[in-house]
Novice: 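After the C-alpha cells below, expect a handful of questions from me.
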Number of protein chains: 2
Amino acid sequence: MKPTLQDVADAVGVSRSTASNAYSRPDQLSAALRAKILDAARRLGYPGPNPTARSLRRGFVGAIGVLFTSELSYAFTDPFAVRFLAGVSRTAERHGTSLLLMPLPADRARVRSVVENASVDGFCVYCVGDEEWVLQAIRDRGQPYVTTAPRADAGPDDRYVGIDERAAARSVADHVAALGHRRVALLADTVLPGAPPGPLRLAGPGDAPHPTTRGRLTGFADAFAAVGVAWPALTLLNATANSRAAGAAAVAEVLAGDEPPTAVLACSDVLSLGVLDMLAAAGHRPPHPISVTGFDDIAEAAAAGLTTVRQPAEEKGRLAAELLLEPPTTPADGHRLLPTDLVVRTSTGPVPGS
Amino acid sequence: MKPTLQDVADAVGVSRSTASNAYSRPDQLSAALRAKILDAARRLGYPGPNPTARSLRRGFVGAIGVLFTSELSYAFTDPFAVRFLAGVSRTAERHGTSLLLMPLPADRARVRSVVENASVDGFCVYCVGDEEWVLQAIRDRGQPYVTTAPRADAGPDDRYVGIDERAAARSVADHVAALGHRRVALLADTVLPGAPPGPLRLAGPGDAPHPTTRGRLTGFADAFAAVGVAWPALTLLNATANSRAAGAAAVAEVLAGDEPPTAVLACSDVLSLGVLDMLAAAGHRPPHPISVTGFDDIAEAAAAGLTTVRQPAEEKGRLAAELLLEPPTTPADGHRLLPTDLVVRTSTGPVPGS
DNA sequence: ATACAGTTCTGAATCGATTCAGAAGGGTGA
DNA sequence: TCACCCTTCTGAATCGATTCAGAACTGTAT
C-alpha cells in the first residue's frame, strides 16, 4: 500500500497536522522539522498529499470543465473550436488551473451523469444550443458556468461571452446584397435536428432552434429583406454536420438544379469550404459563377480567398475562462460582446452579367 | 449550504448508507424506497453524490491526464498534436473517462507540483523528451503512464506507443539521396535548448538531446552516409519552435548564402511548410530550385504537395489511451510500434542540372 | 517574579461520500 | 414450529487529507 501522510508523521514522530503543514503551510513549523518530515517522506516513497483528499477537504479542485455539445473529438477537428480552446487554456494556464474536456453524450440522462460526476470548480459551455437541460444540470450542480452566447433563459447572474450574431451575419449579407445578388442560398449546420442534407423549408429564420444558427440566419434575412427579397424567396440549405463534406453534400442538389443561386452564404467557414470543394470539382472557382461567404475566419479561409466574418476566437476563449476564474464583481460585468469584422476576399463578386 | 447525502437520508428517515445505495447500487434497496429518496433529493436540491468525495472513497477518479512539454496552447496549435489528441479522446470517450489537459511548466519544481496535484488515474505523456524528472515525478506519484516513444530509462513495465523514428526518417532521406541530392540541410526544432535559429554545429546526430529529434536526424544521416556524405558535410539547422514562422526563420540564412543546399529535410511538416513559405516569398516553388521534405503528413502537407513521412496520428493517440485504460496483460503488450509510410509528392525532385 | 506575546506543535473535528458485516423482517419447506 | 434463506436496511469504519482552537514552551518587557 502507498504510504499516507499519517505514515510519514509516524515515521518522524510528529502529529499528522504537522506533517500536513510541512506541505501546505511551511510557515507553521520550523525549517528544521520541515526538512526532517520531507526527508522521511522521500524515504518512505510518499508521493505528496493525495489531490482528491485535498480537494475534498479544501472544497475546490483546481480544474474547470469544458463542455461540448458534439462528441469530444469534434473539439479537435473544428478549427474554430481549436482556437477557442487555445484561448481558454491560456487563461487557465495563468491561473494554474487544468482543463477537463468533457464529451457531452446525446441522451439527457447521461448528460446529467457526466455533469454530476465531473470534479471541477466550474463549467465553460461551448457551442451548446437551447438544450436547457444541460444548463439545468449544471445549475443543479450548483457551480458557476459561462456560455458562449447569451441564453434565452439567462438569469441575472449568468455569465457569457459572445458576439452579435445577427449584426455580424447581416454585415456579410449586406455585402453580398450590394453586389447585386438576389437569388441566394443560406447554408447552416443542423438547422433542424435530424433533417436531411439539402434544401429545407422553414417558416422563418426564427424557427431555427439553435440560437447561434437562428441569429445568423436572421441577420442574413434582414439584409435581403432590406433589398426586397423576403424570406420565402431565400433557399435554406441544411448540412448534417459542421464539416467540409457535409457542406459539399448540402449544396450538391441546388448547384445541379436549373436555377442555382448566384451566392451561397454559409454559417461557418468549414461549411463554405465544402461549397468551394464542390464548385472546384465542377471546375469553378468563386466568385464565378457563384459567390460564397463563410463565417469565423479560420486559417484556411485566408488561403481559400474566402469572404467571411471574423470573430476573435482565441479572445473569446480567453475571456470565457476569465469570466469563470475571475468572477465579475457586478452581474453586468458578466456579459461580454466581442466585435466582428467583415473580411472581403476573392470569393465574392458582382452577379454574373450585371 | 448545499445539502449532503446525510441531509437527504435524514429527510426520508433512512440511513446514509441507504441513501448512497439509491444512487450507486439501485439493486440494494426496494424500488419504492429508492424513488422516495430520489424524490426527496430533488426537493432538497441535492446535486447528487459529490464527485470528489466519491473518488476519494472509491480510489479512482475517472480521468486521465495528458501531459505536454510545451505550453498547453501548443496542443491546439500543432496539427499533429491535435490529431493525436483526437485519437486519445476517442478512446477516453468509449471508457467514459475524461481528459485532463495539463500544461507542463518549464521549471522542475512546478512540474512536480502539477503532476502531484492532478486528480487523475494515469498519465499520457505526449512529446516529452529525455526530461527524466517528468517521468520520475509520475513514477513517484505511483500511477500508470504511457509515453509516445520508447525511453532510454524505460523499465519493463513501461508502456509506450511510437514509431521507428530512425527508419522512418531514413526512408524519406533515401528518397532524397536517390534523387541525387548531396548538399542538403536538416531542419529540426530545438536541437539544443536555447540555440539560436539557423545553422548549428553538432558532433553527431546522437548529440541531440531530444530522443525524437535524435532518432530522425540519425535516420537522415544514415541515408546520406550510405551515399558517401558524412555527417559534418550535412548542414544542421535549428528552429526555435515547431511552427511555420520558426521553420522559415531557420532556413533564411542558408537560403540567402552562396551555396544553398539543394534539399532541406525537416523533422516536421510544420517546419517544412515554413521553408515553403520562405521559398515562395522568393518566388520559388519546390522542387525548384530546392527540394523540401516534411514529417508527419498533416492535412496541410497534401495541399502543399509536400513529400513527407506519414505516421498514423489518431491511431497513435487511440492506442496510447488504450494502453492506459486497458492495461496490457503481459509487459510485452505494453509496447507498440506503428508503421510509417513515405508519401512522395511534388516538393521533391532531381537535383537541378542532373 | 509576572504578564504578555510569539513560535511551534498537537488533538479532534471535518470534508462527503462508499462499503461491508450483520440485524431485522418476511417467506418457504420440512 | 423450527431452521434456513432472501431481501432490505443500518451502523460503523474508512478513504486521506486540512483546519482551527488551544497546549507547551521560549523569550522579553515591566
Side-chain angles (χ1 to χ4, degrees), chain A residues 1-38 40-41 44-62 113 116-121 140-143, chain B residues 1-38 40-41 44-62 113 116-121 140-143:
Chain A
M1 233 5 233
K2 284 207 91 53
T4 71
L5 192 54
Q6 183 71 69
D7 299 326
V8 175
D10 291 348
V12 182
V14 297
S15 76
R16 183 165 71 245
S17 328
T18 302
S20 173
N21 285 334
Y23 284 95
S24 12
R25 305 170 62 167
D27 57 314
Q28 293 295 300
L29 72 172
S30 65
L33 182 55
R34 173 156 191 262
K36 225 166 106 184
I37 294 176
L38 261 31
L44 293 176
Y46 174 66
N50 178 310
T52 305
R54 168 177 284 190
S55 298
L56 174 59
R57 182 61 236 236
R58 286 193 167 164
F60 69 87
V61 178
S113 115
E116 282 166 358
N117 287 311
S119 284
V120 296
D121 300 319
D140 291 350
R141 176 79 193 278
Q143 294 199 311
Chain B
M1 236 5 234
K2 287 207 90 54
T4 71
L5 192 54
Q6 183 71 69
D7 299 326
V8 175
D10 292 348
V12 182
V14 298
S15 75
R16 184 166 70 246
S17 329
T18 302
S20 172
N21 285 334
Y23 283 95
S24 11
R25 304 170 62 167
D27 56 315
Q28 293 295 301
L29 72 173
S30 66
L33 182 54
R34 172 155 192 266
K36 227 167 104 184
I37 294 175
L38 262 29
L44 293 175
Y46 175 66
N50 177 311
T52 305
R54 168 177 285 190
S55 298
L56 175 58
R57 182 61 236 238
R58 286 193 168 166
F60 68 87
V61 179
S113 114
E116 283 166 357
N117 287 313
S119 283
V120 296
D121 300 319
D140 291 349
R141 175 79 193 276
Q143 294 200 310

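FYI, side chains are in, hydrogens and waters are out, and symmetry mates aren't considered; it's all heavy atoms of this structure. Treat the numbers as computed from the prediction; the structure is a model and nothing was measured. Residue numbering restarts at 1 for every chain, and letters A, B, ... go by the order of the sequence lines.
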Novice: Which ones in residues 17-30 of chain B lie close to DNA chain D, meaning a heavy atom under 4.0 Å from one of its atoms?
Specialist: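 When residues 17-30 of chain B is checked for heavy atoms under 4.0 Å from DNA chain D, the hits, listed by number, are B/S17, B/T18, B/Q28, B/L29, B/S30.
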Novice: Rounded to the nearest 0.5 Å, how far does OG of A/S119 lie from CZ of B/R54?
Specialist: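 Reported value, rounded in 0.5 Å steps: 10.0 Å.
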Novice: For the residue pair B/R58 and B/S24, what are the closest heavy atoms and their distance?
Specialist: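 Closest heavy-atom pair between B/R58 and B/S24: NH2-CB, 3.5 Å.
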Novice: Would you mind telling me which of D/dG11, D/dA17, C/dG16 lies closest to the side-chain atoms of B/S15?
Specialist: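 Output: D/dG11.
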Novice: Please round to the nearest 0.5 Å and tell me the distance separating atom CG of B/N50 and atom CG of A/L56.
Specialist: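 Interatomic distance, B/N50 CG to A/L56 CG, rounded to 0.5 Å: 6.5 Å.
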Novice: Rounding to an integer number of Å, can you tell me how far A/I37 CD1 sits from D/dA17 P?
Specialist: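 A/I37 atom CD1 is separated from D/dA17 atom P by 13 Å.
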Novice: With no hydrogens and no angle check, is any side-chain donor or acceptor of A/S55 less than 3.5 Å from a backbone partner on A/P51?
Specialist: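 Side chain of A/S55 to backbone of A/P51: a pair is present.
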Novice: What is the distance, rounded to the nearest whole Å, between atom CD of B/E116 and atom C1' of D/dG16?
Specialist: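 B/E116 atom CD is separated from D/dG16 atom C1' by 15 Å.
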Novice: Using whole Å, report how far CG of B/N117 lies from C1' of D/dG16.
Specialist: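 Rounded to the whole Å, the gap is 14 Å.
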Novice: Start at the 5' end of DNA chain D and walk down; is the nucleotide closest to B/L33 or to B/L56 reached first?
Specialist: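 In this pair, the answer is B/L33.
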Novice: If the cut-off is 4.0 Å, is B/R54 near the phosphate of C/dA17, judged by side-chain N/O to OP1 or OP2?
Specialist: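 False: B/R54 side-chain N/O out of range (4.0 Å or more) of C/dA17 OP1/OP2.
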Novice: For B/Q6 and C/dG16, give me the distance from atom CD to atom P, rounded to whole Å.
Specialist: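 The distance from CD of B/Q6 to P of C/dG16 comes to 11 Å, rounded to the nearest Å.
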Novice: Mind checking the CG-OG spacing from B/N21 to B/S15? Nearest 0.5 Å is all I need.
Specialist: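 Separation between the atoms: 8.0 Å.
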Novice: Hey, does B/V12 have a side-chain heavy atom less than 4.5 Å from the side chain of B/T18?
Specialist: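 No, every pair of side-chain atoms sits at 4.5 Å or beyond.
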Novice: Considering only side-chain heavy atoms of B/Y46, which listed nucleotide, C/dT19, D/dC9, C/dA17, is closest?
Specialist: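 Looking only at side-chain atoms, B/Y46 lies closest to C/dA17.
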Novice: Do B/D121 side-chain atoms and B/G62 backbone N/O form a donor-acceptor pair below 3.5 Å?
Specialist: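 Yes.
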Novice: Could you tell me whether the side chain of B/R16 has a donor or acceptor atom within less than 3.5 Å of a complementary atom in the base of C/dA17?
Specialist: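 Yes, the side chain and the base share a sub-3.5 Å donor-acceptor pair.
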Novice: In this structure, how many angstroms lie between the C1' atom of C/dT8 and the CZ atom of A/R34, rounded?
Specialist: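 These atoms are roughly 15 Å apart.
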Novice: Is a donor-acceptor contact shorter than 3.5 angstrom present between the side chain of B/R57 and the base of D/dT14?
Specialist: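 Indeed, a donor on one side and an acceptor on the other fall under 3.5 Å apart.
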Novice: Of all the choices, C/dG16, C/dT18, D/dA17, which nucleotide is nearest to the side chain of B/T4 once you look at every atom?
Specialist: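 Taking heavy atoms from C-beta onward, the closest nucleotide is C/dG16.
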Novice: Whole Å only: how far is the NZ atom of A/K36 from the P atom of C/dT8?
Specialist: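 Spelled out: NZ on A/K36 to P on C/dT8 is 15 Å.
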Novice: Round to the nearest Å and state the distance from A/R58 atom CZ to C/dA13 atom P.
Specialist: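 Checked: the CZ to P distance equals 22 Å.
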Novice: Tell me: NZ of B/K2 to P of C/dT14, nearest whole Å?
Specialist: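 Atom-to-atom, B/K2 to C/dT14, this comes out as 21 Å.
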